[in-house]
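Worksheet: the structure to be examined is printed underneath.
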Protein chains: 2
Amino acid sequence: MEWVLVKNLKDHVGSEVELRGWVYNQRASGKIRFIILRDGTGTVQCVLVKAENPGLFEKAADLTQESSVILTGSIREEPRSPSGVEITLNSFIIIGRADPYPITLKEHGVDFLSENRHLWIRTPRQSAILRIRSTAEQACREFLHGRDFVLADSPIITPAACEGTSTLFEISYHEEKAYLSQSGQLYNEATAMALNRIFCFGPTFRAEKSKTRRHLMEFWMLEAEAAFFEFEDNLKLQEELVFHLVRTVLDRHSQDLRLLNRDIEKLEAVSLPFPRVSYTDALKLLISEGHQIQWGEDFGAPQETAISEKYQSPVFITHFPAGIKAFYMEPDPANPEVILGADMLAPEGYGEIIGGSQRISDPDLLRKKIAEHNLPVDTFSWYLDLRRYGTVPHSGFGLGIERTVAWLCGIEHVREAIPFPRTLYRMYP
Amino acid sequence: MEWVLVKNLKDHVGSEVELRGWVYNQRASGKIRFIILRDGTGTVQCVLVKAENPGLFEKAADLTQESSVILTGSIREEPRSPSGVEITLNSFIIIGRADPYPITLKEHGVDFLSENRHLWIRTPRQSAILRIRSTAEQACREFLHGRDFVLADSPIITPAACEGTSTLFEISYHEEKAYLSQSGQLYNEATAMALNRIFCFGPTFRAEKSKTRRHLMEFWMLEAEAAFFEFEDNLKLQEELVFHLVRTVLDRHSQDLRLLNRDIEKLEAVSLPFPRVSYTDALKLLISEGHQIQWGEDFGAPQETAISEKYQSPVFITHFPAGIKAFYMEPDPANPEVILGADMLAPEGYGEIIGGSQRISDPDLLRKKIAEHNLPVDTFSWYLDLRRYGTVPHSGFGLGIERTVAWLCGIEHVREAIPFPRTLYRMYP
């Protein structure tokens with residue numbers, strides 16, 4: 001008999017098939033037993049009528065939560081079920097009877113759930129989030145490959161920091177000091193000069209003492225870089241990417257989003273082009289609303305939320321003061337106090353999901369900026385080479401996938417947006 | 001005028017277009033000048049006739065190697081050119097005139113090239129390899145998504161080692177000892193129990209004192225894991241994946257493979273199913289050919305090469321002695337001295353590109369194996385949970401992308417198969 005995954009059941013209505021998975025829950029009402037089977041691709045209700053098979057009905061009492069089973073059954077359409085189908089159970093065998101499962105259907109504390117993350121991820125909510133994460137990552141890659149971007153993995157072990165060493169994890173590399181990368185960007189600029197349009201998508205690390213719902217010590221970042229792309233090209237690429245992400249998740253995960261109680265209308269309201277507001281205009285607006293902030297200061301979470309709440313789509317904050325942004329950002333020729341870069345803020349207070357800019361292409365200006373930021377010129381000599389040998393205007397950005405997934409799923413904390421989060425106080429399991 | 005990438009020129013024959021890139025080389029023969037432009041997606045020859053535009057002809061003498069330019073020209077079909085087209089140059093502007101380029105068209109030593117990896121990657125050979133790497137990684141993901149596998153990133157920072165700590169990079173995680181992951185496998189088993197069929201694809205780290213052409217300190221590994229997959233399902237998945245990789249690279253990179261002087265016939269000869277030979281049979285064969293090796297010893301590079309040379313396709317060596325393989329591999333019920341796992345050796349002496357197995361699903365046997373391997377049971381308590389709560393047969397494998405790319409490209413050393421290699425003596429740039 002054919003083994004069918006739960007997510008594909010609706011293509012086999014009327015057939016008898018084999019299912020393999022785990023018992024998520026069961027309840028009996030005298031003569032009828034309902035078993036909820038999960039197989040990681042979805043859940044489906046299986047119905048067992050006592051009168052039709054008394055032996056099997058009895059044996060099913062032994063199915064503890066998370067016991068693994070192989071079962072056979074017939075697929076019926078059932079409009080009231082979230083999956084659209086229901087199974088009439090014909091037979092099953094128990095593969096592994098589970099001990100009493102620590103994560104029951106009642107509420108548990110976050111510490112307990114985190115300690116049992118290897119089991120927590122089996123719950124419908126966590127599985128749905130991780131499936132959406134997978135699709136979001138896949139959609140990023142598909143989008144960029146479709147635009148002639150080439151994947152170029154940047155190194156994790158790096159000899160020096162992009163900006164200071166205070167938030168870096170240090171390792172000993174055969175008796176030399178090395179650090180875990182916070183960003184592949186400098187390397188991306190080198191590969192963009194070699195391959196034109198490139199991206200990397202890997203883990204990045206920040207040893208920050210932050211304990212907010214937006215921070216992880218280890219998180220995945222998509223970073224794209226394109227030769228001959230200027231500020232405007234960069235923003236266009238970003239908004240089209242994020243719009244594609246939203247549409248793809250809506251298309252492929254309506255059931256998962258419903259399970260998460262996501263307000264789908266808010267995602268459906270996202271439209272192109274995304275609004276843009278300059279840092280200076282955003283500041284004026286914030287001050288008019290009573291925020292205590294001066295030109296040249298960075299926005300914090302309250303400011304970001306105040307701005308993003310005014311829009312249904314993600315919003316670009318452009319032209320930040322050079323002093324609060326990275327040394328390599330191209331100054332605006334019309335006003336060198338600000339840079340040709342932008343942050344993209346997600347709606348609903350989810351904060352910055354993208355940071356990007358055009359990069360300085362003039363070698364002398366770049367050398368000057370490195371000095372102004374008190375960075376060691378030696379460390380950046382290879383990076384300066386990119387301007388000595390055929391410099392071109394180029395731009396790029398980095399998208400934090402956990403924050404993006406948290407927004408798409410409408411969840412509170414980024415720790416649920418990655419299979420095994422690394423937070424300030426936890427790196428287990 | 002439309003900006004067209006070199007790789008897309010053949011779709012615009014007859015048009016005048018804009019090209020943006022870098023001067024790879026130029027030569028003049030009195031009245032005619034040939035400029036080879038590279039833009040990262042390919043190279044194309046641009047022709048400039050003195051009589052038609054004497055001013056431009058003169059100005060072009062100033063185009064040093066790697067100077068960046070924006071040019072316009074008309075595309076002509078040219079069957080003798082590798083790209084199939086040639087450009088009649090109409091105009092150009094110099095964006096960045098390059099200083100004398102350190103990497104000229106003559107031969108350079110490996111140390112010098114490695115020191116200048118950020119520039120070395122611009123050469124046609126290195127660019128071709130990196131483009132093929134991108135496609136190989138993309139093809140892995142497309143293949144697995146097409147088979148209902150979900151991406152589940154495994155953590156890099158881990159509290160404990162899978163097998164000993166001698167080859168691990170240690171980091172300080174907020175005053176606790178932690179290590180960089182050598183494999184996502186144990187985590188993959190947890191996510192497979194949650195999501196059914198999953199893969200991770202990220203950097204892995206080995207602080208080995210090896211200095212061979214097959215080893216890197218930091219390399220990328222595709223690791224797939226599937227619930228309810230047994231030994232046979234696992235091998236089938238692997239051979240279909242690798243076959244798909246070979247076909248995809250052949251389809252999309254004929255020009256790059258030619259540039260690399262790859263013997264394409266050897267890749268075209270790869271066919272399904274891949275041959276299989278048991279460890280024991282392979283050993284007999286090796287001994288009959290004079291190798292000094294006894295049952296229970298692992299194969300080294302000479303033995304792997306001797307075996308793989310007998311086949312045109314990659315070959316599986318199956319049923320290794322349990323003693324030389326990881327603790328979690330399922331023993332063969334027909335002979336518990338050997339395991340239900342296999343290594344896949346690439347042809348032409350490229351060595352092991354995949355290692356995989358069915359995993360032990362019985363909790364008592366797994367506990368016993370952990371003890372036998374002198375591993376700390378405490379560290380593995382969450383891993384043992386996977387067998388306490390709904391254990392199922394499951395299998396998986398890991399594919400090393402650098403070795404696979406080295407084989408596909410026919411190159412000598414894995415260090416050329418990754419943008420910025422980390423080797424025993426080098427982590428710069």
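Lettering follows sequence order; numbering is per chain, from 1. Computed from a predicted model, the values in this text were never measured in an experiment.
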### Query
With a 4.5 angstrom heavy-atom cut-off, which part of A:Val23 approaches chain B: side chain, backbone, both or neither?
neither
### Task
Name the member of A:Thr191, A:Val392, A:Ile156 that forms the most heavy-atom pairs with chain B at distances under 4.5 Å.
A:Ile156
### Task
Measure the acute angle between the ring planes of A:Tyr389 and B:Tyr101, then classify it against the limits of 30° and 60° as parallel, tilted or perpendicular.
perpendicular
#### Entry: A:Pro203 side chain reached by B:Pro203 side chain, heavy atoms, under 4.5 Å
yes
#### Entry: Heavy-atom contact with chain A under 4.5 Å, split by part of B:Glu170
backbone
### Which portion of B:Ser127 sits near chain A, non-hydrogen atoms under 4.5 angstrom
both
### Task
Please flag which part of B:Pro100 lies under 4.5 Å from any non-hydrogen atom of chain A: side chain, backbone, both or neither.
backbone
### Contacting moiety of B:Leu424, where chain A heavy atoms sit under 4.5 Å
both
## Note on the structure
side chain to side chain contact (heavy atoms under 4.5 Å, CB included) with B:Ser134: of A:Asp153, A:Ile198, A:Leu151, only one passes, and it is A:Leu151
#### Entry: Interface moiety of A:Thr64 toward chain B, non-hydrogen atoms closer than 4.5 Å
neither
### Task
Please state whether the side chain, the backbone, both or neither of B:Phe201 comes within less than 4.5 Å of a heavy atom of chain A.
backbone
### Message
Students often mix this up, so state it plainly: with edges at 30° and 60°, are the rings of B:Phe228 and A:Trp3 parallel, tilted or perpendicular?
### Response
perpendicular
### Query
Considering only heavy atoms from C-beta outward, does the side chain of A:Lys7 approach that of B:Asp148 to under 4.5 Å?
yes
### Task
Between chain B and each of A:Tyr425, A:Tyr428, A:Trp220, count heavy-atom pairs under 4.5 Å; write down the option with the most.
A:Trp220
### Residue pair B:Lys177 / A:Met427: nearest heavy atoms and the distance that separates them
O-CE, 3.3 Å
### Message
Contact between B:Asn196 and A:Arg20 at the side-chain level, heavy atoms closer than 4.5 Å - yes or no?
### Response
no
### Task
Select one option (side chain, backbone, both, neither) describing which atoms of A:Ile95 are under 4.5 Å from chain B's heavy atoms.
both
### Query
Is it true that a side-chain atom of B:Glu218 and a backbone atom of A:Ile157 form a donor plus acceptor pair closer than 3.5 Å?
yes
### Atom pair CE (B:Met193) and CZ (A:Arg38), whose distance is rounded to the nearest 0.5 Å
9.0 Å
### Close side-chain approach of B:Gln138 and A:Arg141, heavy atoms under 4.5 Å
no
### Query
Quick one: what part of B:Ile121 sits under 4.5 Å from any heavy atom of chain A, side chain, backbone, both or neither?
both
### Which portion of B:Leu119 sits near chain A, non-hydrogen atoms under 4.5 angstrom
side chain
### Query
Could you give the distance from CG (B:Asp385) to CG (A:Asn116), rounded to the nearest 0.5 Å?
7.0 Å
### Task
Heavy-atom distances under 4.5 Å only: say whether B:Asn8 touches chain A with side chain, backbone, both or neither.
side chain
### Query
Can you find a heavy atom in the side chain of B:Ile171 that is under 4.5 Å from one in the side chain of A:Leu180?
yes
### Summary
If you tally heavy-atom pairs under 4.5 Å between each of A:Met217, A:Glu176, A:Arg387 and chain B, the highest tally belongs to A:Met217
### Query
By a 4.5 Å heavy-atom criterion (distance strictly below it), what part of B:Trp22 contacts chain A: side chain, backbone, both, or neither?
side chain
### Summary
So, the part of B:Phe169 with a heavy atom under 4.5 Å from chain A: the answer is side chain
### Close side-chain approach of A:Arg422 to B:Tyr173, heavy-atom, < 4.5 Å
yes
### Query
Between A:Gly96, A:Ala98, A:Gly21, A:Ala194, which shows the greatest number of heavy-atom pairs under 4.5 Å with chain B?
A:Ala194
### Query
Taking every heavy-atom pair that is under 4.5 Å apart, which of A:Glu115, A:Arg197, A:Lys209 has the most such pairs with chain B?
A:Arg197
### Message
With a 4.5 angstrom heavy-atom cut-off, is it the side chain or the backbone of B:Thr123 that approaches chain A, or both, or neither?
### Response
neither
